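This report concerns only the one structure given below.
Only a predicted model underlies this, so the values are computations on that prediction, with no experimental measurement involved.
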Amino acid sequence: MTISEATKLSPARTVSVRPLIWIGAITTGTVVTNLFAPQILVGLMGRSLGMTELQAGLISTLTLLGYALGLLLLVPLVDLVENRRLILRTLACAIIAAIGTALAPTPLILLAATFVLGASCAAIQMVVPLVASMVPPERRGQAIGDVMSGLMIGILLSRPAASLIADSWNWRGYYVTSAVLMTVLAGALARYLPTLQPAARVSYGALLRSFPRLLREEPVLRVRSWTAALVMASFTAFWAAVALRLPDAPFKLDAKGIALFALIGVAGAAATPIAGRWGDRGFARPLLIVSHLLIAGSLALCAWAGMIESRIAALSLLGVGAVLLDFGITTDQTLGRRAVNLLQPEARGRINGLFVALFFIGGAVGAAAASTAWSYGGWTAVCAVAATFGVLGFITDIATKTGSE
């Protein structure tokens with residue numbers, strides 16, 4: 001298969017879509033690890049540079065803040081600037097920032113480098129819509145699902161991978177490894193990415209001012225961003241609290257055991273290509289309903305696991321619950337991506353930026369909710385709160401069919 005309708009905007013060269021999808025999946029999965037690795041490395045980074053607790057806490061915060069600003073300020077350029085050049089330059093900034101983080105001699109330079117690295121990770125959301133534009137609408141869900149599988153695997157592997165690299169080397173080694181991998185991927189993208197000149201002929205300021213209008217005009221964007229934010233809240237709440245629960249009975253896992261447990265969640269990424277293909281066949285609505293029910297049900301299993309005395313049984317049940325939870329979350333995310341990428345082609349960059357920015361807000365809400373629930377009711381309360389987000393998604397499914405076609 002070759003390029004579809006969107007590439008006619010800039011007829012450069014014939015490109016095979018399958019290698020592009022694979023490279024897109026690997027790129028997004030590799031780059032996204034930079035957003036979540038600091039959550040594991042923050043202690044090591046802070047101690048090595050003699051940072052205060054406040055300064056160390058800013059490492060992860062500034063990384064994610066930079067990413068949020070990148071989504072809102074850089075990703076819209078997809079609708080204005082030739083896409084291939086924009087992606088490669090943004091990825092080059094990420095490589096330089098990763099090297100700067102690895103070599104940072106002072107807390108101030110480290111914080112500045114991590115902020116730039118987070119902003120440059122917005123390249124992820126430039127790659128996804130470009131790959132989506134390369135395939136016909138009837139196969140777009142499958143393509144997005146394949147790319148999203150790489151993204152979800154990267155998110156789930158980021159913490160254990162960072163922990164293992166830091167144990168074998170040090171925290172700086174993680175960022176050196178990231179810079180090397182991104183450099184290799186930049187070479188592959190330079191070879192395989194097609195040129196795509198956007199159709200929009202407006203100013204950058206006009207692009208930014210169009211965000212509220214897009215939300216008003218596109219109910220699909222509003223509904224799918226809402227449910228994506230809900231499931232991201234469930235995801236963040238669970239994975240933020242499970243590391244606090246696993247060291248205690250009945251699980252009794254050490255740091256390496258917790259890192260290995262996190263690998264279980266990678267199995268949930270298998271849902272992305274399946275969800276994409278079934279979405280293309282017209283089953284988006286029932287899949288969304290099942291995904292949100294699955295989230296609520298899986299968290300009930302996870303809560304139950306904490307009440308079992310047998311260590312093996314408890315770990316097994318918690319593992320099954322984690323896999324099912326990630327299945328539900330990735331299904332919603334994939335179908336949401338598919339739906340919004342079928343909207344206005346000339347605004348695909350802005351739509352993707354808005355979609356991701358809104359579901360990351362959901363992730364922040366989930367982290368805050370998990371912290372509060374843990375303080376008041378422990379693990380069971382965390383699971384109840386995380387399940388509530390899934391129930392709200394199910395209620396949305398029942399109340400509206402928007403974006404589930």
Side-chain angles (χ1 to χ4, degrees), residues 35-36 39 64 68 148 151-152 155-156 220-245 262 264-265 268-269 271-272 275 284-306 317-318 320-337 339-340 354-404:
L35 298 177
F36 298 95
Q39 297 172 7
L64 293 176
M148 282 292 293
L151 180 66
M152 294 306 299
I155 291 174
L156 293 166
V220 171
L221 177 61
R222 293 197 302 272
V223 172
R224 295 279 64 89
S225 296
W226 164 248
T227 63
L230 290 172
V231 302
M232 189 64 176
S234 289
F235 176 88
T236 306
F238 175 82
W239 287 105
V242 74
L244 300 174
R245 183 65 182 87
I264 294 175
T272 52
R285 180 171 171 76
L287 277 176
L288 284 165
I289 292 173
V290 169
S291 72
H292 298 141
L293 290 175
L294 197 59
I295 289 170
S298 65
L299 286 160
L301 289 179
C302 293
W304 183 21
L317 192 60
L318 187 67
V320 171
V323 171
L324 293 178
L325 173 67
D326 287 338
F327 258 85
I329 289 166
T330 53
T331 296
D332 175 279
Q333 294 276 320
T334 302
L335 293 174
R337 290 266 192 175
V340 301
L354 269 174
F355 177 79
V356 179
L358 291 171
F359 85 62
F360 259 83
I361 291 173
V365 171
S371 177
T372 303
W374 180 266
S375 299
Y376 285 97
W379 176 244
T380 301
V382 170
C383 291
V385 168
T388 299
F389 294 124
V391 172
L392 289 174
F394 172 72
I395 293 172
T396 303
D397 297 331
I398 301 301
T400 177
K401 295 183 179 180
T402 302
S404 60

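- Taking the six-membered ring for Trp, F355 and W226 have ring centres at least 6.0 Å apart.
- At least one donor-acceptor pair closer than 3.5 Å links the side chain of W379 to the backbone N or O of C302.
- Contact record, L318 with V242: CD2-CG2, 4.2 Å, taken as the closest heavy-atom pair.
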Verdict with reasoning, L35 to L64, per side-chain contact (heavy atoms from CB on, under 4.5 Å):
CA-CA 6 Å; L35 298 177; L64 293 176; 4.2 Å; yes

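- The number of heavy-atom neighbours closer than 6.0 Å to CH2 of W374, taken from other residues, nucleotides and ligands shown, is above 12.
- One finds the OG1 atom of T330 at 12.5 Å from the CZ atom of R337 (value rounded to the nearest 0.5 Å).
- T388 is linked by a side chain to side chain donor-acceptor pair (under 3.5 Å) to nothing, counting only residues two or more places apart in sequence or in another chain.
- Of all the heavy atoms in A381 and A373, the pair that sits closest is CB-O, 3.5 Å.
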Test side-chain contact (heavy atoms from CB on, under 4.5 Å) on W239 and D326 and set out the steps.
CA-CA 10 Å; W239 287 105; D326 287 338; 3.5 Å; yes

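- Nearest heavy-atom pair across L335 and A284 is CD1-O, 3.7 Å.
- Considering CZ of F359 and OG of S225, their distance stands at 9.5 Å, rounded to 0.5 Å.
- Remark: S291 OG to L324 CG distance equals 12.5 Å, nearest 0.5 Å.
- V382 and A237 make their closest contact through CG1-O, 3.7 Å (heavy atoms, listed as atom of the first residue, atom of the second, distance).
- Note that CG of L294 and CG of L299 are 9.5 Å apart. Values are rounded to the nearest 0.5 Å.
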Show me the side-chain donor-acceptor pairs of residues 227-235 shorter than 3.5 Å, one per line, residues at least two apart or across chains.
| residue | atom | partner | partner atom | Å |
| --- | --- | --- | --- | --- |
| T227 | OG1 | R224 | O | 3.3 |
| T227 | OG1 | R224 | NH2 | 3.1 |
| T227 | OG1 | D332 | OD2 | 3.1 |
| S234 | OG | A386 | O | 2.6 |

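- To the nearest 0.5 Å, the span separating OG1 on T400 from CD1 on I395 amounts to 13.5 Å.
- Atoms CG and OG1, from L288 and T396 in turn, are 10.5 Å apart once rounded to the nearest 0.5 Å.
- Residues F389 and I295 form no side-chain contact, since every pair of their non-hydrogen atoms from C-beta on lies 4.5 Å or further apart.
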